[in-house]
Amino acid sequence: MTATTVEISARESEVLALLGEHLSNAEIGARLFISVRTVESHVSSLLRKVDAPDRRALAQRAAELTRVDRTHPAPVLPKPLTSFVGRSQERAELAEMIKTQRQVTALGPGGVGKTRLALAVAADAAGEFADGVWFVDLVPVSDPGAGAVAGAIAAALGLGEQPGRGMDESVFTALADRHALLVLDNCEHVRDGVALFLDRLLATCPRLTVLATSRARLMVPFERVYQVPSMSLAGEGESDAVALFLDRVAELRWPPDAVLREHIATVCERLDGVALAIELAAARWPTLGLDGLTAGLSDQLRMLSGGPRADDRHRSVRAALDWSHALLDPADQALLRRMSVFVAPFTVEAVTAVAGTDRGAVSDGLARLAEQSLLAVTASGTTTEYRALETIRQYGAERLAEAGELDDVRLRHLRWCLAKTAELAVARPDWRARFDATADDVRAALAWAADRPEQRTDAYRLARSFAELSFTRTYAGESQLRYEQAAALADDPADAAATLRLAAAVAGCRMRGDDMYRLHRAAADAARRVGDNAAAACDLATAATNAHRFWSKFEHLPTYDETAVLVDEARELAGDDPAAQAAVALAEAGVLADAFGAAQGPADNAVEDTTARTHRAVELAARTGDPLAESAALDALTGAQSWAGDAFAAAATARRRVALLSSLPDTPAATHELLDALGMATEAALGAGDLPAARRWARRLAEHPLLAEVGHRATSWLLVTDALAGDVDDVLTAGDRFLEAWQRAGSPARSVLGPAVAAVAMIHGLRDDHDARRDWNAVLRQLGTPPEHTYGYGAVFDALGLLHEGQPDLALRRTAPEPADVWKWVTWIWHHWYVALRAEAAVLADHPNAADRLTEARAAVAGNPVAAAIVARAQALHDDDRERLLATAAEFDAAGCRYQSARTLVLAGGEHANRGAAAVAELGLAPMVPAPHPPRR
């Protein structure tokens with residue numbers, strides 16, 4: 001058999017030649033960019049065609065059997081110098097398209113990775129095309145005509161000039177019967193010539209498939225476009241973008257620690273996942289490190305440059321953009337630089353307002369920029385939005401400055417932002433989406449205008465407006481920042497003072513006591529500059545009051561002496577102004593008489609003095625007609641009523657505050673006051689034994705969107721309420737949220753969180769989950785053990801756990817101090833719970849003074865449904881009165897305290913104990929140890 005009688009395809013000839021070089025199937029596959037399975041198929045076919053007994057014999061006859069067609073040399077794909085990373089989905093999608101479509105264009109901006117993807121897909125598909133794959137790079141072609149394109153393709157095919165025949169005809173003839181894939185790379189600058197040539201080529205060569213790469217569509221009817229996306233950012237530290245960065249860094253032999261993956265993911269996201277940008281950033285890693293890379297992202301065009309390359313377009317991101325920019329006509333170049341001021345996706349209307357061009361020209365121009373892959377387009381309903389990558393934005397901004405247009409365009413953008421924020425002042429169903437669509441541009445406009453004295457007035461207006469909108473959007477941190485920025489930009493100190501007060505209120509919503517204090521003092525200084533002594537008095541008095549009223553929100557708590565000085569200053573400035581006098585009266589009640597029980601307050605305040613001062617504060621606040629001033633004074637009154645031991649009056653006053661505030665607009669000051677009122681209403685309801693009300697207030701607090709960034713504070717009193725009620729599942733769920741938020745906030749050692757942590761630890765103890773209890777007790781130790789823990793909530797939760805475990809002697813010891821001796825720490829919430837559990841422990845421990853303790857407790861807790869039921873149950877146990885004992889189970893159920901109801905049944909013994917044990921188990925708790933001396937009847 002001779003070579004002339006054996007029908008061997010071009011691909012089989014290539015395989016046979018490499019067999020003659022004694023290469024393995026894997027080596028052949030790598031050389032020809034085909035799979036090992038395809039190589040095996042070709043080898044089997046050759047063995048059959050030439051009737052060779054084995055692979056060795058086939059290799060020996062390779063020279064004889066190999067047909068070399070010098071007119072049409074074997075196709076060769078460029079060999080990339082770096083590995084291909086990721087893009088499995090894109091690879092599969094594009095491969096599927098070239099199976100079913102004859103002309104596919106891989107479309108995307110410069111540097112996105114079109115060429116590498118096309119090469120990978122072509123290599124994968126080579127085995128599917130009997131006559132192989134041909135690659136043509138059109139970058140060197142400067143003539144946009146079809147003839148120049150034909151010449152480049154002919155050169156890649158190895159075709160020379162033939163007399164009487166044009167290069168296009170030579171290409172048509174060479175490929176006429178070929179089942180091949182032709183890859184045309186970088187078509188954007190010669191797309192008209194490519195389009196004309198392909199029209200004839202595909203008609204003449206029916207078995208040919210063309211895969212083109214371009215920054216712009218070829219705009220021919222038979223074109224099928226595949227939009228090449230940026231590298232995937234999904235999966236954060238495990239994304240394709242991160243994998244590419246790490247791969248290129250590994251090639252530099254400077255691998256980053258795996259723990260930095262999330263940081264790398266952030267860098268890749270800032271680079272919009274553009275492959276070239278990521279590769280260039282990775283190349284700068286050894287000298288800059290991640291911190292340097294992150295800092296350099298503000299000027300990506302400068303940072304993202306590499307050394308000399310064969311293709312100058314890929315030497316830097318700037319070079320790639322220069323190539324695209326040069327393809328634009330002057331009008332589109334102007335539009336590109338003017339639309340660069342937009343940070344967020346934008347519409348035709350937005351660009352029209354900023355670019356200084358009519359709408360029709362803008363619409364056509366944006367479409368052309370999108371065709372050149374310089375803009376991404378998103379259409380939804382009746383709205384079409386455009387977006388530029390960050391590198392393109394920075395490039396456009398540079399061009400804007402070079403053209404001397406920067407200030408004019410920035411000014412129009414600033415005024416556009418002012419108009420958009422004015423529109424956002426009107427509530428509509430799509431308000432949130434409209435805010436989110438505008439926010440980044442407002443931030444950019446503020447960054448530009450704030451540093452320009454001539455734009456100070458507009459910058460103030462925009463910052464103030466954006467602060468209000470951010471608060472409505474529940475972006476409290478941004479709202480405070482923008483209010484402070486507005487205050488710094490205000491020309492009038494009175495405006496600055498008013499804005500600083502708003503910033504202080506937002507800081508209060510964020511639990512930032514130090515900021516509240518600082519901002520009110522700054523407001524006082526601003527008010528003094530315009531001679532408004534009454535306003536300055538209000539600010540100084542409020543700063544002093546807040547240092548005591550919200551002491552748990554402070555990192556660095558002002559001392560008593562410091563705040564007392566502020567009260568004196570405020571008193572001197574107040575004059576006869578009603579609002580100032582009311583503010584000073586409240587400061588005197590809160591600071592001098594310790595109405596709020598602050599950490600830096602006097603050790604022993606006289607209850608009579610505290611009560612008298614708070615009543616005066618309430619009276620003066622009511623005269624002002626300001627509900628916020630009245631609410632603050634009522635808060636002080638709630639504290640005074642607590643010091644007086646009147647838990648029910650305190651609860652009523654706390655409810656009055658919530659009612660007063662609930663109908664007010666959601667301003668920062670009103671919201672801050674309402675959040676505090678909800679917390680106080682929850683605590684007061686717990687102190688009065690009203691668990692349903694406490695849960696209602698606590699849930700409103702926990703679900704308030706402004707407290708999302710301080711979830712540990714938001715959920716703390718809900719945890720306490722659910723723990724006292726025995727709602728175990730709710731405690732476990734909210735406990736996870738609390739712990740996550742607390743750790744995210746840096747695990748602050750705030751003693752105010754102690755009751756919540758102790759409550760969760762107790763629940764885990766009742767569940768007999770020693771590991772979880774140990775973990776929560778460790779958190780409790782981090783928070784510290786103030787007297788409130790030792791004698792107040794700590795004693796209550798410990799006693800509940802010890803009684804559940806059948807250790808009344810230890811519970812009695814834990815509540816040994818007389819209530820009057822620890823009054824400062826068991827008052828407010830814990831007094832009724834403390835005396836009730838103390839009486840029960842005395843009865844179950846058979847203490848000789850049990851009867852006296854029952855009498856004292858009964859008088860103390862009268863009117864508290866839960867505490868009174870605990871005392872009544874203890875009395876029934878003491879009197880051996882089963883009927884009265886069982887009656888308390890219904891009282892606990894009515895009070896919303898399922899745990900104590902189940903506990904009652906267990907304590908009743910007999911057939912009731914089984915029902916009680918089942919109820920305890922249903923709650924998710926460990927079996928309760930029965931009382932040592934259950935009733936005998």
Side-chain angles (χ1 to χ4, degrees), residues 108-109 112 215-216 227 229-230 269-274 300 321 324-325 328 331-401 403 405-425 428 430-449 458 462 465-466 469-470 473:
V112 79
R215 303 185 189 189
Q227 188 71 48
S230 297
E269 185 175 358
R270 290 280 304 277
L271 296 173
D272 293 304
V274 175
Q300 295 182 15
L321 292 174
S324 293
H325 186 263
L328 303 177
D332 289 347
Q333 290 177 347
L335 187 60
L336 177 69
R337 63 181 179 260
R338 291 170 188 171
M339 65 93 207
S340 68
V341 296
F342 286 98
V343 180
F346 48 84
T347 62
V348 170
E349 288 73 19
V351 178
T352 300
V354 170
T357 310
D358 68 85
R359 190 185 189 285
V362 168
S363 180
D364 291 343
L366 291 179
R368 287 191 294 272
L369 292 176
E371 288 170 6
Q372 292 288 340
S373 297
L374 291 168
L375 295 177
V377 186
T378 304
S380 59
T382 59
T383 303
T384 299
E385 289 186 334
Y386 300 86
R387 174 181 176 269
L389 298 178
E390 177 64 21
T391 49
I392 294 174
R393 282 190 59 254
Q394 292 186 13
Y395 183 85
E398 283 191 0
R399 293 284 181 170
L400 193 63
E405 301 174 345
L406 182 62
D407 286 347
D408 286 344
V409 176
R410 283 287 186 190
L411 180 57
R412 290 196 291 268
H413 181 251
L414 172 65
R415 289 173 179 166
W416 177 84
C417 288
L418 280 166
K420 298 303 288 186
T421 54
E423 291 175 12
L424 285 168
R428 282 183 6 202
D430 63 345
W431 185 91
R432 178 174 292 192
R434 290 188 298 124
F435 174 90
D436 291 347
T438 308
D440 283 341
D441 278 298
V442 174
R443 295 179 184 113
L446 276 171
W448 175 77
D458 281 346
L462 187 58
S465 176
F466 193 49
L469 295 170
S470 297
R473 185 62 177 85

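The first residue of the sequence shown is numbered 1, and numbering continues consecutively from there. Just so you know, these numbers come straight off a predicted model, no measurement behind them. Side-chain atoms are counted along with the backbone in the values below, which use heavy atoms only and exclude waters and symmetry mates.
- A donor-acceptor pair under 3.5 Å links the side-chain atoms of Thr421 to the main chain of Leu418, judged by distance alone.
- The two residues Pro345 and Glu385 come nearest to each other via the heavy atoms CB-OE1, 3.8 Å.
- Between Asp440 and Ala344, the shortest heavy-atom contact is CB-CB, 4.3 Å.
- Listed by first and then second residue, the ring-ring contact (aromatic ring centres under 6.0 Å, His included) pairs involving residues 344-367 are Phe342-Phe346 (not counting sequence neighbours).
- Counting all heavy atoms, side chain and backbone alike, Leu335 lies closest to Val362 at CD2-O, 3.9 Å.
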Requested in this report: Take Val351 and Tyr386 through the test side-chain contact (heavy atoms from CB on, under 4.5 Å) and record every step on the way to the result.
Outcome: CA-CA 10 Å; Val351 178; Tyr386 300 86; over 6 Å; no
Query - Chi angles and distances behind the side-chain contact (heavy atoms from CB on, under 4.5 Å) call for Val442, Lys420 - result: CA-CA 9 Å; Val442 174; Lys420 298 303 288 186; 5.9 Å; no
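- The side-chain hydrogen bond (donor to acceptor under 3.5 Å, both in side chains) test applied to Arg387 returns Asp272, not counting sequence neighbours.
- Residues forming a salt bridge (charged side-chain N to carboxylate O under 4.0 Å, His left out) with Arg359 (at least two apart in sequence, or on another chain): Glu349.
- For the pair Ser340 and Ala397, the tightest heavy-atom approach, listed with the atom from each and the gap, is OG-N, 3.2 Å.
- Distance check: Leu424 CG to Leu469 CG gives 5.5 Å after rounding to the nearest 0.5 Å.
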Report task. Give the intermediate values and the outcome of side-chain contact (heavy atoms from CB on, under 4.5 Å) for residues Thr384 and Val348. Result -> CA-CA 8 Å; Thr384 299; Val348 170; over 6 Å; no
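- By the salt bridge (charged side-chain N to carboxylate O under 4.0 Å, His left out) test, Asp430 is found to be paired with Arg428, Arg434, residues two or more places apart in sequence or in another chain being considered.
- When all heavy atoms are compared, the tightest approach of Thr352 to Asp358 is CG2-C, 4.2 Å.
- Counting only residues at least two apart or in different chains, salt bridge (charged side-chain N to carboxylate O under 4.0 Å, His left out) contacts with residues 361-372 comprise Asp332-Arg368.
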Acceptor/donor pairs from residues 405-417 side chains to any protein atom, 3.5 angstrom cut, sequence neighbours excluded:
{"unit_1": "Glu405", "atom_1": "OE1", "unit_2": "Arg337", "atom_2": "NE", "d": "2.9"}
{"unit_1": "Glu405", "atom_1": "OE1", "unit_2": "Arg338", "atom_2": "NE", "d": "3.2"}
{"unit_1": "Glu405", "atom_1": "OE2", "unit_2": "Arg337", "atom_2": "NH2", "d": "3.2"}
{"unit_1": "Glu405", "atom_1": "OE2", "unit_2": "Arg338", "atom_2": "NH2", "d": "3.0"}
{"unit_1": "Arg412", "atom_1": "NE", "unit_2": "Val354", "atom_2": "O", "d": "2.6"}
{"unit_1": "Arg412", "atom_1": "NH2", "unit_2": "Val354", "atom_2": "O", "d": "3.2"}
{"unit_1": "His413", "atom_1": "NE2", "unit_2": "Asp441", "atom_2": "OD1", "d": "3.1"}

Query raised in the report: Yes or no on side-chain contact (heavy atoms from CB on, under 4.5 Å) for Ile392 and Leu375, after CA distance, side-chain angles and deciding distance?
Result: CA-CA 9 Å; Ile392 294 174; Leu375 295 177; 5.8 Å; no
